[in-house]
Amino acid sequence: MTRVPRGYIARRRRTKMRSFASNFRGAHLRLNRMITQQVRRAFVSSHRDRGRQKRDFRRLWITRINAATRVYNVFDSYSKLIHNLYKKELILNRKMLAQVAVSNPNNLYTIANKIKTIN
């Protein structure tokens, strides 16, 4: 029986996987089975870490706001600051509050005074 040349579909699939593995080293770059395994593992890690990154940044912002409120005696704690912000309907996201707390603490005083004066 004569040999039947395969089509281009399998080669196209392997080439696509190889393009994802262009920055890998050693066998992870050269062997098709290793490439497939490592690319799948990389995709799983990147998918998982996108959610983890959001959590980590939120934790960082909360830590910065808490540190600034305690150091500059704006409020006793982060939770009281956030509670009063929501109570007075001055809704600022944590990213912006952390930015203000780090770069310009005077504005944090202004926000705190705005919270305290509104009744």
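A quick note: this is a predicted structure, and the numbers were derived from the prediction, not measured.
Hydrophobic clustering keeps M96 apart from V100 (ILVMFWY residues linked when any side-chain heavy atoms are closer than 4.5 Å, directly or through intermediates). Residue Y86 is grouped with residue I65 when hydrophobic side chains (ILVMFWY) are merged at heavy-atom distances under 4.5 angstrom, including chains of intermediate members. Note: the hydrophobic cluster containing F75 also contains V71 (ILVMFWY, side chain heavy atoms under 4.5 Å, direct or indirect links).
Here side-chain hydrogen bond (donor to acceptor under 3.5 Å, both in side chains) pairs that include residues 45-64, with residues two or more places apart or in two chains, number zero. The list of salt bridge (Lys or Arg N to Asp or Glu O under 4.0 Å) pairs with a residue in residues 13-40, not counting sequence neighbours, is empty. For residues 11-40, every residue pair satisfying the ring pair (Phe, Tyr, Trp, His ring centres under 6.0 Å) rule, not counting sequence neighbours, is listed here: F20-F43. Among residues at least two apart or in separate chains, side-chain hydrogen bond (donor to acceptor under 3.5 Å, both in side chains) pairs with a member in residues 90-110 are Y78-R94. Residue pairs meeting the salt bridge (Lys or Arg N to Asp or Glu O under 4.0 Å) criterion with at least one member in residues 68-78, sequence neighbours excluded, are D76-K80.
Here I115 contributes atom CD1 and K88 contributes atom NZ; the two are 9.0 Å apart, rounded to the nearest 0.5 Å. Taken from CG in L108 to OH in Y72, the straight-line distance is 9.0 Å, to the nearest 0.5 Å.
A pairwise comparison of heavy atoms in A21 and L29 identifies O-CD1, 3.1 Å as the closest pair. Among all heavy-atom pairs drawn from S77 and T69, the shortest one is C-OG1, 3.9 Å.
Side-chain contact between I111 and L85 is present, with at least one heavy-atom pair separated by less than 4.5 Å. Annotation: side chain of I82 is not in contact with side chain of I62 (no heavy-atom distance under 4.5 Å).
With side-chain heavy atoms closer than 4.5 Å counting as contact, directly or through intermediates, the hydrophobic cluster containing M34 also holds L31.
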